[in-house]
Structures are given as C-alpha cells and as structure tokens.
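Side chains are part of it too, since the values below use all heavy atoms of this structure and drop only hydrogens, waters and symmetry mates. For this chain, numbers begin at 1 and follow the sequence in order.
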Amino acid sequence: MIKNYYYPSLERYEGKMPYRRCGRSGILLPAISLGLWHNFGGVDTLKNSTEMIHYAFDNGITHFDLANNYGPPYGSAEETFGIIMKNSMKPYRDEMFISTKAGHDMWDGPYGEWGSRKHLISSLDQSLKRMNLDYVDIFYSHRYDPLTPIEETLQALTDIVRSGKALYVGISKYPPEAAKFAYNYLKENKTPCLLYQGKYNIFDREPATTGILNDCVENGVGFIAFSPLAQGLLTDRYMHGIPEDSRVGRGGYLKKEALTESVLSKIISLNEIAAQRNQSLAQMAVAWLLNDSRVTSVIVGSSSVKQLENNIGAVKNINFTQEEIDKINFIIKE
C-alpha cells in the first residue's frame, strides 16, 4: 500500500482533533463526532444548539449525526440543524460530513417506519427539506427490518446514492449475519457500506463480543460508536445522587432502575482510574473507545458548550497501559 503523505491528521498530534480513515474509503472522520439525538429538538433553545454546533466545528468536529425522528418532537432536530445551516453554516457545507437515518417510528400509517423502499426514500426526501440540504454525506438504514426482504432495503440505499441524495450509505444496529449480507450486497452493487453505527461503551461491549468490529475491519467498513457514556452513567453525574435535571431525574431513556448499587460501585471505581489519568470519567470513557483502532469515530451528545469541551478533551490522552485496561475489565466483571 502506498504511504499517504498528505494527511498528517491521520496521526494524533497535540492540540488538534485527530482524524481517522473510514474503512477502505477516501473519507476521514474526526475522532469525535457530534450527535443531535438530544438537546437539539423543538423543545430546546436555538441559541444553545447554535453555540454547540459552532463550537464543535471550530474545534475540528466536521461530522454531525442526525436521524429523521430526533427531537422531540420527531423531525425537529433536523429542523434546528437546517436553521443553523441556513443562518451560519452554509458557507462551510463542503467541510462538513452530515448524516441522517430512517427506520424507526417517524409518522403514522404503514409506511412511517422500518426498511421498505417506500419509507427510506420518502423519509430522506423529508429530511433534506428539513435540513435545507441538497444531499447528505451518508444515509443509514437505522435498524434491521426482519419482515422486509433485506435486498429491498439495500437496493433502496444503492438507488439513493445513484440519485445523488446521499454520497455514501451505512447501516445501524444490524445483527452480524445481516450486516455481512449487507456488506456483500452493497459492494456487488458498487455502493460499498461506509459505516456501521452501533452502541459501544465500557459497560456494553456487544460489537466486540459478537464479532461486529472484526467484521467491519475484514470488509473495509468503518465503525462509529454511539452511547459512549452509556446514557450518562459513565460520568460523575450520579455519584452523589440523582440530579433532578438529569436523564434519570427527568424519566427519559435512562431509567432509575439502571442505577443499581452494583453499577454505582463500578462507576466510582472507574472514576478513580480516570482521576489517576488526569481525566474526567466521561473523557476516559471516550478515550477507551478511541484506544481501539477498529473504532473510526465516537458520537458524543452534549447539552452545553462546556460539556462538549470536556468530551473533546478526551483526545489529549487515548493511550492506556495494560494495567489500566486490566483494572477496567476487572471492575466491569465484578
């Protein structure tokens, strides 16, 4: 393989956002990407959302991850992003890598979710209008549909690329066998899968244990991790109780039942290792993922510029000693 001399950012260097090659492709993604699942919806403040987008971009985050039903309400995160694009980010469109997805519940009726050609193409058309975009850089099938023929879903992705509405395609949360079928089908149709997006963190290691990460490497597919902080558990937020404004306190996706005594004990022990590394627990959790060379990028959420700044700080130290890795593994297995 010819050595690439033109991308010093392929190697981490102090004070800059590192970029990583995405599988066997020409795409480089920032080690940290910004997800708009929470805090960018219609119930949130446009000023705060705008400040986070600007701060992310100014600090090397070029990849912004959305989906059709992010909000709340559904579609409103894309609408917020579309306003920001129109007001301030449009001149930088060619420096941004923007994704969206379809497959989860979006609108009423038989065509409002899952993996039919009808749903995927209709949803993307709606997403482009909301985001004030002519195309997205990558469009995902957001979840595997066990009832729709997988060939229909994958052919829709192929045709979306050929239509010019997306430059690349990806899959999210597919079981290993379906993912391998998708890689082969898309490759044969000249629209290779660019990214697999899956949940991966210190607590939840399914992509590693099921072979998904190794399959990505073997097939030249990048892997991008979401929920790196386990919905906030891998932070110091719950070490002294449950704040009322937290996800647990608000009764969101993270339920109070998840914060057991055992989990809390593990969080405290992990926090001690992070402190020894001069990192916050959140920074260590992101760094732990980036220490895995099979991970292309990590999607972080944020409720404020300060929180985003803390997460970005993870790239300053993504190396772990074997002793640290062993300690983390021991804590998780307890």
Looking at [Y], is [X] sitting on its ring face, NZ or CZ under 6.0 Å from the six-membered ring centre and within 45 degrees of the normal?
{"X": "Arg294", "Y": "Tyr200", "value": "no"}
{"X": "Lys118", "Y": "Tyr111", "value": "yes"}
{"X": "Arg277", "Y": "Phe320", "value": "yes"}

Is a donor on one side and an acceptor on the other found under 3.5 Å between the side chain of Arg21 and the backbone of Ser25? yes

Is the backbone of Asn48 close enough, under 3.5 Å, to the side chain of Thr45 for a donor and an acceptor to pair up by distance? no

Is it the case that the side chains of [Y] and [X] hold a donor-acceptor pair, with the cut-off being a distance below 3.5 Å and no angle test?
{"X": "Tyr168", "Y": "Thr191", "value": "no"}
{"X": "Ser99", "Y": "Asp65", "value": "yes"}
{"X": "Gln155", "Y": "Asp159", "value": "yes"}
{"X": "Tyr74", "Y": "Asp105", "value": "yes"}
{"X": "Ser33", "Y": "Ser297", "value": "yes"}
{"X": "Lys101", "Y": "Tyr70", "value": "yes"}
{"X": "Asn59", "Y": "Glu309", "value": "no"}
{"X": "Gln322", "Y": "Asp326", "value": "yes"}
{"X": "Asp145", "Y": "Thr148", "value": "yes"}
{"X": "Glu78", "Y": "Thr100", "value": "yes"}

Could you tell me the separation between the [atom1] atom of [X] and the [atom2] atom of [Y], rounded to the nearest 0.5 Å?
{"X": "Thr296", "Y": "Ile224", "atom1": "OG1", "atom2": "CD1", "answer": "7.5 Å"}
{"X": "Asn329", "Y": "Ile331", "atom1": "CG", "atom2": "CD1", "answer": "9.5 Å"}
{"X": "Asn310", "Y": "Ser302", "atom1": "CG", "atom2": "OG", "answer": "9.5 Å"}
{"X": "His54", "Y": "Ile61", "atom1": "NE2", "atom2": "CD1", "answer": "13.5 Å"}
{"X": "Ile268", "Y": "Ile273", "atom1": "CD1", "atom2": "CD1", "answer": "13.0 Å"}
{"X": "Lys266", "Y": "Leu234", "atom1": "NZ", "atom2": "CG", "answer": "11.0 Å"}

Apply side chain to side chain contact (heavy atoms under 4.5 Å, CB included) to residues Leu154 and Phe181 and explain how you reach the verdict. CA-CA 10 Å; Leu154 299 175; Phe181 183 93; 3.9 Å; yes

Between [X] and [Y], is the ring centre distance below 6.0 Å?
{"X": "Phe97", "Y": "Phe64", "answer": "no"}
{"X": "Trp107", "Y": "His119", "answer": "yes"}
{"X": "Tyr144", "Y": "Trp114", "answer": "no"}

Give the minimum heavy-atom separation between [X] and [Y], together with the two atoms involved.
{"X": "Ile83", "Y": "Asn132", "result": "N-ND2, 4.2 Å"}
{"X": "Pro228", "Y": "Ile299", "result": "CD-O, 3.1 Å"}
{"X": "Ile171", "Y": "Ala182", "result": "CD1-CB, 4.1 Å"}

Can you tell if the side chain of [X] reaches within under 4.5 Å of the side chain of [Y], non-hydrogen atoms only?
{"X": "Gln279", "Y": "Asn317", "answer": "yes"}
{"X": "Thr62", "Y": "Tyr19", "answer": "yes"}
{"X": "Ile328", "Y": "Met284", "answer": "yes"}
{"X": "Tyr174", "Y": "Thr153", "answer": "yes"}

Is it the case that over 12 heavy atoms from other parts of the model lie below 6.0 angstrom from the CG atom of Asp134? no

Counterpart residues, ring pair (Phe, Tyr, Trp, His ring centres under 6.0 Å), relative to Tyr185 (two or more places apart): none

